[in-house]
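One structure is given here, and the rest of the page talks about it.
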Amino acid sequence: MLDRRRFIGSMAAFATTLLTRLRASAAVKQKGTLPSRGELVLRNAYVMTMDPEVGEIPGGDVHIRNGVIVAVGKGLKAPGAAVLNGQRMIVLPGLVDTHWHMWNTLLRSFAGERPNQGYFPLTTAFGKIMTPDDMYHGVRLAAAEALHSGVTTVHDFCHNARSRAHAEADIRALQEAGLRARWSYGWPQGLADTQISNMADVEGLHRDWANFSNDGLLSMGFAWRGMFRNTSLPPEVYRSEFDIARRLGIPISAHVGSSEEARGQIAAHAKENLLGKDVQIVHAVSASPVEIEMLAKAGSPVSVSPGTEMRIGYGFPKVGEFLAAGVRLGVSVDNTVLGGDANLFGLLKTIRNIENAKSHDEFKMSARRALELGTIEGARSLGIEDRVGSLKPGKRADVIMISTAHLNMGVFTDPAHMLVESAQAENVDTVIVDGRVLKRGGRLTSLSVDRVLEDAQGSLDAMRKRANWT
Ligand SMILES: [Zn+2]
């Protein structure tokens with residue numbers, strides 16, 4: 001009798017252990033929905049390596065193993081590798097975005113026609129009532145669109161980290177999407193200019209970053225308000241924030257000289273020694289020739305977002321001037337509240353057209369130069385050009401394939417011109433990030449578009465009620 005009871009007891013304990021293990025493995029499986037890396041070869045495509053030595057390879061191959069590019073060339077031997085047919089495809093390094101408030105993609109095309117419904121009142125009102133779940137749904141919508149559009153690296157400028165939970169929800173959406181990203185902690189919407197950001201949370205996240213880095217795909221930065229936001233910030237606010245981020249050794253990013261009216265802001269930062277290789281300046285539309293020299297001398301990279309800068313009336317980006325001065329330059333989506341979509345090819349087209357228009361010169365900026373801004377130059381401006389931005393053996397495998405078998409891409413002429421002048425997100429056939437195929441045959445492989453859209457709509461509908469915003 002005793003033996004039997006003991007036997008039943010041990011069986012029950014065994015069953016409990018088994019159940020726990022099953023639950024644990026289900027949880028792991030649910031969390032790790034990303035495809036495995038494996039071995040691939042992209043065959044017989046028009047390969048634009050964006051590497052000045054290798055150049056372009058018509059009928060070229062790219063061989064990828066365990067997340068790394070092992071070879072680029074013609075007729076590569078890759079026995080056992082899965083073959084991705086590159087016929088009628090252009091192969092390019094994944095596009096690099098350098099500043100994007102991904103959370104507010106939940107408010108896409110929502111900025112109204114009157115001042116009280118404009119971008120800032122809208123994003124502040126909604127930003128203030130967002131839950132961690134809302135953040136997650138906004139960032140996941142943005143991340144899904146990034147992959148859909150061939151953007152493999154983003155700089156997620158999260159200026160709505162209302163709590164550690166909000167920050168973690170934002171990061172989780174990036175992890176699950178499998179994107180490469182710099183994630184920058186930013187002040188919560190509505191924070192008074194006289195109040196310091198929650199630097200304890202910045203330090204905490206930095207300390208725990210190994211848990212968030214997703215195998216090195218995600219790095220951490222600090223989204224700083226700079227010396228000016230709505231008003232001039234007190235030095236005890238901007239200085240302490242800057243000093244803490246510097247001490248942690250994480251890159252800093254700030255909107256400075258955003259509009260033509262914001263003249264002198266860059267010089268003010270230079271005077272206080274608040275520029276540097278680790279300080280990315282966003283917009284810089286008001287930069288004077290002297291200020292452009294200051295940026296170049298300090299090594300501060302600049303991010304321009306012509307789509308939103310023009311839509312909001314900031315002015316035209318000074319791309320030609322920055323490049324001539326040797327400033328490291330990246331292109332950015334900024335936000336889709338004003339910009340609408342995240343088609344980076346469209347932004348490159350805009351940049352080139354502005355340059356040509358301003359200089360009354362059909363040949364001022366070449367399509368290839370524009371493509372460099374969206375790939376290798378963007379990577380350089382984020383300090384990750386040793387890993388991504390061009391197709392070269394040893395680099396991480398962030399690669400996209402653009403199909404030319406579409407009405408807006410026919411006929412095949414000059415691939416660089418076709419990409420900059422014609423390409424849409426729908427033409428992006430395949431997206432590989434760190435060796436993982438995340439879009440194939442025009443469809444995302446790890447995210448359900450229906451689910452992403454449904455959850456985002458649910459979040460926005462509930463927020464509109466809470467905000468009493470019609
Ligand atoms: Zn911005």
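Keep in mind the model is a prediction, meaning the values are calculated, not measured. First listed ligand is number 1; within each ligand, the first listed atom is number 1.
- Atoms NE2 of His101 and NE2 of His255, as seen from the Zn ion (ligand 1), are separated by an angle of 100°, to the nearest 10°.
- Under the 3.5 Å distance criterion, the side-chain polar atoms of Asn427 are left unmatched by any main-chain donor or acceptor of Ile402.
- The Zn ion (ligand 1) has an N, O or S atom of His99 under 2.8 Å away, backbone or side chain.
- A tilted orientation is assigned to the rings of His159 and His255, their planes being inclined by 30° to 60°.
- Put simply, the side chain of Ser381 gets close to the backbone of Gly378: a donor and an acceptor are under 3.5 Å apart.
- Counting just the N/O/S atoms of Asp334, the one with the shortest distance to the Zn ion (ligand 1) is named OD1.
- Shown here for Asp398 and Val388, the closest heavy-atom pair between the two residues is OD2-CG1, 3.3 Å.
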